[in-house]
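One structure below.
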Amino acid sequence: MELEDKIGYHFKDKALLTAALTHSSYANERKAQHIEYNERLEFLGDAVLSIVVSDYIFKHCPELPEGELTKLRASLVCERSLFVFARQIDLGSYLLLSKGERNNGGADRPSIVADAFEALIAAIYIDGGIEPAGKHILNFVVPAIKGFKKKPVKDYKTTLQEIIQKNPGERLEYVLVSESGPDHNKHFVFEVHLNSNIIGRGGGRSKKEAEQQAAREALELMGY
């Protein structure tokens, strides 16, 4: 099968591959035939995917703490990423869907295609074991990890606090410098002080926003 050539794995039991590619709508359309579809395989594939990705990033990302490992794994196994992986092998075009589901764009629906990708992982795992299943997964995951970029900082105050806490004895303080404008359109200006030194200044329509902007300026001045 062409798909087997694409993924570099050829099934001993072709029925497993067919089941992985079969959506419940297709089976329901042919109830009399008792066709196996991919929901149970999807369940197993999700577990295999998680352990393979967890094992890989644990071994190859030693600089990341537990929290960052969790975030990275979540970004790699989420529906959006699986849909991207599946599109690299045009998985949607191989799915067995009901006429209605196909006409409604099921072959390009992220939830359906991502689930089929997990089912395919399970089919490989059952047919050949963890080694070929892991190889299949990492063909997609490793390039994705290399292209992974940390999300931009949004909570500047928390980030600044975490940096300062690394130096015992240092103290941060946010000082209101000015408050102007009518009640419905206030403008606040805050300075952030490190001990007695001003390290950032920011304004906003709320005190919270102004403090965040002051912290952002401080982080920029510190090179973060």
| request: Verify the distance criterion only: is there a donor paired with an acceptor across the side chains of Glu217 and Tyr156 at less than 3.5 Å? | output: no
| With a cut-off of under 6.0 Å to the ring centre and 45° to the axis, is Lys208 in cation-pi contact with Phe190? | no
| Between Arg87 and Phe85, is NZ or CZ placed under 6.0 angstrom from the six-membered ring centre and within 45° of the ring axis? | no
| Within the side chain of Ser50, is there an N or O that forms a donor-acceptor pair under 3.5 Å with the backbone of Asp46? | no
| note | Scanning both residues in full, the closest heavy-atom pair of Val192 with Leu172 reads CG2-CD2, 3.8 Å
| query | Is the backbone of Lys99 close enough, under 3.5 Å, to the side chain of Glu29 for a donor and an acceptor to pair up by distance? | reply | yes
| request: Output, in order, the C-alpha distance, side-chain angles, deciding distance and verdict of side-chain contact (heavy atoms from CB on, under 4.5 Å) for Leu221 and Ile199. | output: CA-CA 8 Å; Leu221 291 173; Ile199 60 172; 5.7 Å; no
| said: Can you see whether Gln88 engages Asn139 through a side-chain donor-acceptor pair at a distance of less than 3.5 angstrom? | reply: no
| remark: Leu41 and Ala122 have their tightest heavy-atom pair at O-CB, 3.0 Å
| query | Under the salt bridge (Lys or Arg N to Asp or Glu O under 4.0 Å) criterion, do Arg171 and Glu173 qualify, and how do the steps go? | reply | CA-CA 7 Å; Arg171 185 171 61 88; Glu173 182 181 11; 3.6 Å; yes
| field | Nearest atoms (heavy-atom pairs only) where Val48 meets Ala133 | value | CG1-CB, 4.3 Å
| message | I need the Asn28 CG to Ile35 CD1 distance, nearest 0.5 Å. | response | 10.0 Å
| query | How many angstroms lie between atom OG of Ser24 and atom CD of Glu101, to the nearest 0.5 angstrom? | reply | 7.5 Å
| request: Verify the distance criterion only: is there a donor paired with an acceptor across the side chains of Asp115 and His23 at less than 3.5 Å? | output: no
| said: Let me confirm one number: the NE2-OG distance from His187 to Ser206, rounded to the nearest 0.5 Å. | reply: 10.5 Å
| Quick check, are the ring centers of Phe117 and Phe83 under 6.0 angstrom apart? | no
| task | Measure across Ser98 and Ser25 and return the closest heavy-atom pair with its distance rounded to 0.1 Å. | result | N-OG, 3.1 Å
| query | Taking the six-membered ring for Trp, are the ring centroids of Phe11 and Tyr9 within less than 6.0 Å of each other? | reply | yes
| task | Look only at the side chain of Asp55 and the backbone of Ile51, and say whether a donor-acceptor pair between them is shorter than 3.5 Å. | result | no
